[in-house]
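Please read the structure below before turning to the comments.
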Protein chains: 2
Amino acid sequence: MAKLQKSIDKRNALIKATITLVNNNGFHATPMSKIAKMANVSPATIYLYFENKQDLVNKAYIEVKAAFTAYAFATYTEDMSVKEGFEIIWKRIADFKLNKCEEALFLAQCDNTPMIDESSRKEGIKHLQPLLDLWQRGKEEGIIKPISDYLLYAYTINPLSFLMINQERGACAIDNAHIEDAYQAAWDSIQLT
Amino acid sequence: MAKLQKSIDKRNALIKATITLVNNNGFHATPMSKIAKMANVSPATIYLYFENKQDLVNKAYIEVKAAFTAYAFATYTEDMSVKEGFEIIWKRIADFKLNKCEEALFLAQCDNTPMIDESSRKEGIKHLQPLLDLWQRGKEEGIIKPISDYLLYAYTINPLSFLMINQERGACAIDNAHIEDAYQAAWDSIQLT
DNA sequence: TACAAATAAATGAACGTTCATTCTTTTTTT
DNA sequence: AAAAAAAGAATGAACGTTCATTTATTTGTA
């Protein structure tokens with residue numbers, strides 16, 4: 001038990017260090033030696049937990065993505081109305097993107113660069129299904145515009161990444177009033193009137 | 001004259017090669033040797049045109065950004081109504097993002113990673129002023145929601161980047177009907193009703 | 001105009017450094 | 001004591017950049 005526990009701690013420290021360093025420097029400017037140092041571990045030890053650098057960053061991506069979607073759907077249940085469900089999910093996602101900055105920033109960088117293997121990317125998308133199901137229901141009920149899921153995502157969820165990145169860069173500060181405005185803009189863009 | 005011409009060709013070839021290779025591999029996975037090879041030039045020659053690798057990518061970013069904004073505002077004049085002006089600019093941007101894929105992809109990667117110097121990033125933002133002015137006018141006329149420019153950008157322009165990236169990855173295909181839907185979603189999200 | 005001298009442009013090879021990964025040894029756990 | 005985990009040192013490859021030299025162009029002179 002103690003042994004396993006210790007191992008998991010090291011693994012987590014390695015993933016954490018990877019996220020922090022990749023956020024600050026990018027994938028290829030983050031040497032394994034620095035990851036090891038930040039995790040208080042020898043470079044060689046990384047290879048007991050991960051096959052290689054690519055494997056390490058792929059696994060980091062999948063884990064963060066899983067944590068993100070778990071957070072997003074934590075308070076949603078399928079018996080909610082479409083409008084209510086969308087608002088709940090949207091606000092959870094907003095909360096994650098704007099408060100769990102480190103993880104959100106890491107995901108944004110992974111999603112916008114050739115840093116992650118295509119297969120790991122595919123793996124990460126799967127978990128979004130509940131939202132796609134909700135949209136499907138919304139279209140059938142005539143509440144949501146009959147447009148592609150990519151468009152719905154582009155106009156409701158993705159803008160949060162843009163806001164998060166700019167907040168991180170110190171270009172703007174997003175408070176609760178902004179969130180409410182942003183939610184309204186998101187809903188206005190997809191609701192069928 | 002002939003001499004200068006030759007130089008500009010080489011410079012352009014270097015910028016072009018940088019864009020292509022960075023799109024495919026990312027900044028740090030793009031060696032100067034490959035850039036040189038693609039531009040049919042010796043590695044050493046790069047340093048006659050640019051200080052170093054960082055300078056090369058900074059300059060590539062600024063040039064592409066300038067070309068992008070020039071394209072965006074080419075058909076817009078200040079005497080247009082807010083609604084008309086917005087539609088014209090938005091559609092030009094959509095056209096650029098979805099058809100000039102290579103340049104648009106390069107900008108997206110620059111804007112979402114720590115690859116570009118902060119000063120070059122600032123330089124790139126400047127050219128967007130006409131759109132900000134238009135929004136200001138729209139707010140004064142009570143046509144556009146009185147929300148921050150970051151929100152307006154996040155819900156109208158930025159979604160196009162998301163769509164472009166996914167189209168590039170082969171995840172979805174954006175045709176004229178999609179563009180019209182997207183424009184409607186963009187306008188719906190920011191217009192004051 | 002003809003031709004050398006000077007300058008600029010371009011090159012391939014080489015340098016020093018850094019990196020991901022592996023190897024060998026030491027420490028810890030069972 | 002045996003086995004597993006971890007460490008640090010070592011390795012070979014790859015990189016950005018520089019250097020010494022060659023090639024091309026321009027300028028000055030007769």
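Every value quoted in this text rests on a predicted model; they were computed, and no experiment measured them.
Distance D9(A) CG to dA6(D) C1': 15 Å, rounded to the nearest Å. I46(A) places its CD1 atom 13 Å from the P atom of dG8(D), with the value rounded to the nearest Å. Atom CZ in F50(B) sits roughly 12 Å away from atom P in dA10(C) (whole-Å rounding). As rounded to whole Å, 19 Å separates atom P of dA10(C) from atom NZ of K37(B). Nucleotide dA3(D) holds its P atom 18 Å from the CG atom of L48(A), rounded to whole Å.
In this structure, the side-chain hydrogen bond (donor to acceptor under 3.5 Å, both in side chains) partners of Q129(A), at least two apart in sequence or on a different chain, are D133(A). The ring pair (Phe, Tyr, Trp, His ring centres under 6.0 Å) search around F96(B) returns F68(B), Y71(B), not counting sequence neighbours. In terms of the side chain to side chain contact (heavy atoms under 4.5 Å, CB included) criterion, residue partners of T113(B) (sequence neighbours excluded) are, by chain and number, Q109(A), T113(A), Q109(B), M115(B).
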Would you give me the side-chain donor-acceptor pairs under 3.5 Å for residues 29-37 of chain B, sequence neighbours excluded?
residue, atom, partner, partner atom, Å
T30(B), OG1, L21(B), O, 3.4
T30(B), OG1, G26(B), O, 2.7

Atom pairs under 3.5 Å, N or O on each side, protein against nucleotides 16-23 of chain D: can you list them with distances?
residue, atom, partner, partner atom, Å
dG16(D), OP1, T30(B), O, 3.4
dG16(D), OP1, K53(B), NZ, 2.7
dG16(D), OP2, M32(B), N, 2.6
dT17(D), OP2, Y47(B), OH, 2.6
dT17(D), OP2, K53(B), N, 3.0
dT17(D), O5', Y47(B), OH, 3.2

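Considering only side-chain N and O atoms, T45(A) lies under 4.0 angstrom from the phosphate OP1 or OP2 of dA7(D). For K10(B) and dA9(C), the shortest distance from a side-chain N or O to OP1 or OP2 is not below 4.0 Å. Within the 4.0 Å cut-off from OP1 or OP2 of dA9(C), not a single side-chain nitrogen or oxygen of Y49(B) is found.
Evaluation of the ring pair (Phe, Tyr, Trp, His ring centres under 6.0 Å) test over residues 137-165 of chain A, restricted to residues two or more places apart or in two chains, returns Y153(A)-F162(B), F162(A)-Y153(B).
In this structure, Y76(B) and F73(B) have tilted ring planes: the angle between them lies in the 30° to 60° band.
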